[in-house]
Undergrad: 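Structure incoming, see below.
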Amino acid sequence: MIRFIGDYYGNRYEVSDAAGTAEHFDHCSNGYVPHGVRGQSMYLGRVDSTEELRLDLDGSAVELRIDIDVDAGRAAALRWLPDRSYAVELPPAEMLSVLESESAGLITVPATVARVSPGTARRAVIEYVLTGLRPTGIEWAVHDREWPPGRWGLTDERGLDFSPESEDELVHGLDEIDRAARRDRNPVIALLDSAIDVEGAPYMYLVLGGDDSFIEYETGDEGGERVVGRGPHEGDESTTLARHGAHGFVRYPRWMAIRRDAAYAAAREFYRTRARPTCVEWRDG
């Protein structure tokens, strides 16, 4: 098993000891990105061979993510992706602007997540490389979602969380996520869950923030239904990249693309019925 550290540009470097890991971390975190700032994202994970370091890896290979801006002083975000937890060392103080990837551009990391010092992030990176486990000696938390039992949930899994109690509140939440994604100039995947505390409840994914929207519907139970929206571009395999929280990116083929208002209409119907929307066309996922 080979561990690596990667930067926003897609470069991945094999690391195996404390000295080499610290050198790569310092080099990445102190370098300026094309936007003229030093805020950037770094990714650590594992692969089976050195050949895989040159491949376009999916999000499952990455386990630890760091968002850091050494010019912002103490603020850095440290996230363990397998369980979507983030490290908590300090009270929230300031959000970060970092270059997440060459394609995504600058994004905003909420102050509620940027909760560790750069020194703590550096130590955690070294520990991960040496052990392959989630770093210890620091508290880990998940996003606070104290929503009413059996109620709806809408989230971009990056700090925008809503529990809509009406269609108007649903649309408001969708608009907020859409505006934030457009501000960051990168589409995001929003999760609309019909019952956030019920295992197996149906849910939808909606891609917001771009010229096109993409939707998916799943019943949530094992072996249940999973379908994806189908638009008017049958056979078009060109893709759109959408950010999936802290997990990385998902590519959506253009034949799935539908209008934004059609995606909203599907979400509103789903909200009313808790069943697969009938106002759009579907295809097995």
Side-chain angles (χ1 to χ4, degrees), residues 56-60 100-105 107 152-158 160-162 164 166-196 200-285:
D56 186 12
L57 302 174
D58 61 28
S60 64
E100 183 175 60
S101 69
E102 187 182 24
S103 59
I107 66 160
W152 285 84
L154 173 66
T155 177
D156 68 350
E157 299 188 87
R158 296 180 61 83
L160 290 177
D161 298 331
F162 305 91
S166 68
E167 281 190 51
D168 287 343
E169 290 187 8
L170 169 64
V171 171
H172 170 75
L174 293 171
D175 284 343
E176 287 291 309
I177 293 173
D178 184 71
R179 277 193 291 268
R182 292 179 186 277
R183 190 164 56 245
D184 290 337
R185 298 183 179 179
N186 198 89
V188 300
I189 301 173
L191 169 64
L192 177 59
D193 195 333
S194 64
I196 61 173
Y203 58 89
M204 284 183 64
Y205 286 120
L206 302 94
V207 175
L208 302 172
D211 295 332
D212 298 313
S213 289
F214 304 83
I215 57 175
E216 303 176 61
Y217 170 84
E218 296 189 36
T219 54
D221 52 322
E222 186 175 352
E225 181 183 27
R226 180 182 183 274
V227 291
V228 298
R230 184 175 66 182
H233 312 286
E234 192 67 33
D236 190 339
E237 295 291 340
S238 60
T239 58
T240 293
L241 204 62
R243 187 171 62 241
H244 188 191
H247 308 292
F249 294 85
V250 176
R251 292 187 181 275
Y252 286 88
R254 181 153 175 76
W255 58 259
M256 281 182 59
I258 62 175
R259 299 188 318 274
R260 177 176 173 272
D261 61 339
Y264 270 49
R268 296 180 70 162
E269 182 181 340
F270 178 50
Y271 186 85
R272 292 192 300 269
T273 66
R274 278 190 166 90
R276 186 174 76 173
T278 60
C279 62
V280 293
E281 293 188 45
W282 299 95
R283 175 169 138 177
D284 288 339

Undergrad: Just by modelled atom types, is the Ser194 backbone N or O under 3.5 Å from a matching donor or acceptor in the Arg274 side chain?
TA: yes

Undergrad: Could you work out, with salt bridge (charged side-chain N to carboxylate O under 4.0 Å, His left out) as the rule, every residue matching Asp284, not counting sequence neighbours?
TA: none

Undergrad: Is there a side-chain contact between Val250 and Phe214 in this structure, where contact means two heavy atoms from C-beta onward sitting under 4.5 Å apart?
TA: no

Undergrad: Do you know the tightest heavy-atom contact between Pro232 and Ala257?
TA: CD-O, 3.5 Å

Undergrad: Indicate yes or no for a side-chain donor-acceptor contact from Arg182 to the backbone of Gly210 under 3.5 Å, with no hydrogens or angles considered.
TA: yes

Undergrad: Report the residues that fulfil side-chain contact (heavy atoms from CB on, under 4.5 Å) with Ala263, sequence neighbours left out, ordered by chain and then residue number.
TA: Leu206, Ser213, Ile215, Ile258

Undergrad: Any idea which heavy atoms bring Pro187 and Val207 closest together, and the distance?
TA: CB-CG1, 3.8 Å

Undergrad: Mind checking what makes side-chain hydrogen bond (donor to acceptor under 3.5 Å, both in side chains) contact with Tyr264, not counting sequence neighbours?
TA: Asp175, Arg260

Undergrad: Compare every heavy atom of Leu170 with every heavy atom of Pro164, then report the nearest pair and how far apart it is.
TA: CB-N, 3.5 Å

Undergrad: Atom NE2 in His233, atom CH2 in Trp255: separation rounded to 0.5 Å?
TA: 12.5 Å

Undergrad: Could you list the residues that satisfy side-chain hydrogen bond (donor to acceptor under 3.5 Å, both in side chains) with Asp261, not counting sequence neighbours?
TA: Arg259

Undergrad: As an exercise, state the distance from CG of Leu192 to CG of Leu174, rounded to the nearest 0.5 Å.
TA: 7.0 Å

Undergrad: Applying salt bridge (charged side-chain N to carboxylate O under 4.0 Å, His left out), can you list everything that pairs with Arg254, at least two apart in sequence or on another chain?
TA: Asp212, Asp236

Undergrad: Taking only residues two or more places apart in sequence, or in another chain, which ones meet Phe270 in a ring pair (Phe, Tyr, Trp, His ring centres under 6.0 Å)?
TA: Trp152, Tyr217

Undergrad: At their closest point, which heavy atom of Ala181 faces which heavy atom of Leu208, and how far apart are they?
TA: CB-O, 3.7 Å

Undergrad: Residues two or more places apart in sequence or in another chain: which of them pass side-chain hydrogen bond (donor to acceptor under 3.5 Å, both in side chains) with Glu176?
TA: Arg179

Undergrad: Excluding sequence neighbours, so at least two apart, what forms salt bridge (charged side-chain N to carboxylate O under 4.0 Å, His left out) with Asp156?
TA: none

Undergrad: Would Glu169 and Tyr271 count as having a side-chain donor-acceptor pair, cut-off 3.5 Å?
TA: no

Undergrad: Supply the atom-to-atom distance Arg276 CZ to Glu269 CD, rounded to the nearest 0.5 angstrom.
TA: 10.5 Å

Undergrad: Mind listing the closest non-hydrogen atom pair of Asp178 and Gly209 along with its distance?
TA: OD1-N, 2.8 Å

Undergrad: In Å and rounded to the nearest 0.5 Å, what is the CD to CG distance from Glu216 to Leu191?
TA: 10.5 Å

Undergrad: Which pair of heavy atoms, one from Ala190 and one from Ile177, lies closest together, and at what distance?
TA: CB-CD1, 4.1 Å

Undergrad: Please identify each residue that fulfils side-chain hydrogen bond (donor to acceptor under 3.5 Å, both in side chains) with Ser166, with sequence neighbours left out.
TA: none

Undergrad: How would you list, by chain and number, every residue that makes a salt bridge (charged side-chain N to carboxylate O under 4.0 Å, His left out) with Glu237, sequence neighbours excluded?
TA: none

